[in-house]
Amino acid sequence: QVQLVESGGGLVQAGGSLRLSCAASGRTFSTYAMGWFRQAPGKEREFVGAITWSGGSIYYADSVKGRFTISRDNAKNTVYLQMNRLKPEDTAVYYCAADRIIRGVIVVRPQDYDYWGQGTQVTVSS
């Protein structure tokens, strides 16, 4: 079992930056691919990006490519989401998730992830 706790959300003006963190419990964190998702009110949960267990492969949704950066520190059991040039449409609850299956590829569907954090609110004002 893995527990995930997100932090770093908040209110920011358009064009600003935030850095989200996702701290994981458990010794198997380093073997999991980690994903970031977001969900705005009235909308489905949306894939933001993901990183393989080694950090060797990272994939982003087109909507955030070039603005968001995912990284991980396996020694700290933590994955990060650096968000730059934020837009009002980035407003959502952001979740981190862990994929415990060693696939060799990044998956983008929420149902492919096994463990989820509680989410952290990001609000971007115009």
Side-chain angles (χ1 to χ4, degrees):
Q1 187 72 14
V2 173
Q3 291 188 328
L4 305 174
V5 179
E6 301 96 336
S7 61
L11 173 64
V12 64
Q13 288 188 331
S17 298
L18 282 174
R19 188 196 197 199
L20 305 184
S21 298
C22 171
S25 66
R27 291 176 288 180
T28 54
F29 169 81
S30 62
T31 67
Y32 296 160
M34 297 295 297
W36 285 96
F37 291 78
R38 66 187 181 186
Q39 189 165 18
K43 295 188 177 181
E44 293 186 349
R45 194 162 295 190
E46 175 190 22
F47 174 79
V48 173
I51 185 169
T52 53
W53 67 271
S54 66
S57 182
I58 306 173
Y59 181 73
Y60 300 98
D62 287 343
S63 59
V64 306
K65 199 174 295 182
R67 299 188 298 122
F68 290 10
T69 302
I70 296 173
S71 60
R72 67 189 296 162
D73 185 338
N74 286 343
K76 296 182 178 179
N77 277 14
T78 303
V79 63
Y80 304 97
L81 180 65
Q82 177 68 43
M83 304 185 294
N84 298 328
R85 291 184 283 138
L86 282 161
K87 305 175 181 180
E89 52 262 43
D90 294 319
T91 295
V93 177
Y94 282 71
Y95 300 89
C96 67
D99 175 12
R100 63 184 175 87
I101 297 176
I102 302 176
R103 305 175 188 268
V105 295
I106 286 176
V107 291
V108 303
R109 301 184 309 169
Q111 57 263 45
D112 289 325
Y113 288 79
D114 304 288
Y115 306 108
W116 291 84
Q118 83 289 350
T120 185
Q121 176 70 46
V122 172
T123 303
V124 184
S125 64
S126 57

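We use all heavy atoms of the structure for the numbers below, so side chains are in, but hydrogens, waters and symmetry mates are not. Treat the numbers as computed from the prediction; the structure is a model and nothing was measured.
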Hydrophobic cluster mates of V5, side-chain heavy atoms under 4.5 angstrom, ILVMFWY only, any path?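 Same cluster as V5: nobody, lone residue.
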Linking Ile, Leu, Val, Met, Phe, Trp and Tyr by side-chain heavy atoms under 4.5 Å, what else ends up with I106?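 ILVMFWY cluster around I106 also holds F37, F47, Y59, V93, Y95, V107, V108, Y113, W116.
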Should W36 and Y60 be counted in the same cluster of Ile, Leu, Val, Met, Phe, Trp and Tyr side chains packed under 4.5 Å apart?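 Shared cluster, yes.
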For [X], side chain to side chain donor-acceptor pair (under 3.5 Å) partners two or more places apart:
X   : answer
K43 : none
R85 : none
S25 : none
E89 : none

Are E6 and Q118 packed together at the side-chain level, in the sense that at least one heavy-atom pair is separated by less than 4.5 angstrom?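 Yes. Closest side-chain heavy atoms under 4.5 Å.
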Note, F29 side chain near V2 side chain (heavy atom, < 4.5 Å):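 Not touching, per the 4.5 Å side-chain cut-off.
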Looking at every non-hydrogen atom in both residues, tell me the closest pair between [X] and [Y] and how far apart they are.
X    : Y   : result
S126 : A14 : CA-CB, 4.4 Å
G55  : R72 : N-CD, 4.2 Å
L20  : Y94 : CD1-CB, 3.5 Å
M34  : A98 : SD-CB, 3.6 Å
L18  : L86 : N-CD1, 3.9 Å

Can you tell me which residue pairs pass the disulfide bond (SG atoms under 2.5 Å apart) test with a partner in residues 73-126, sequence neighbours excluded?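 Qualifying pairs, neighbours excluded: C22-C96.
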Whether over 12 other heavy atoms sit under 6.0 Å from Q13 CD: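 At most 12 heavy atoms, drawn from other residues, nucleotides or ligands, come within 6.0 Å of this atom.
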Criterion side chain to side chain contact (heavy atoms under 4.5 Å, CB included) on L81 and R38, from CA distance to verdict: CA-CA 12 Å; L81 180 65; R38 66 187 181 186; over 6 Å; no
Partners passing side-chain contact (heavy atoms from CB on, under 4.5 Å) against [X] (at least two apart in sequence or in another chain):
X    : answer
A23  : T78
R100 : Y32, D114, Y115
T123 : L11, T91, Q121
R19  : Y80, Q82

Should K87 and D90 count as an ion pair when the cut-off is N to O under 4.0 Å?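 Salt bridge between K87 and D90, a charged N being under 4.0 Å from a carboxylate O: no.
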For D99, enumerate each residue passing the salt bridge (Lys or Arg N to Asp or Glu O under 4.0 Å) test, keeping only those at least two apart in sequence or located in another chain.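 Only R103 meet the salt bridge (Lys or Arg N to Asp or Glu O under 4.0 Å) criterion with D99.
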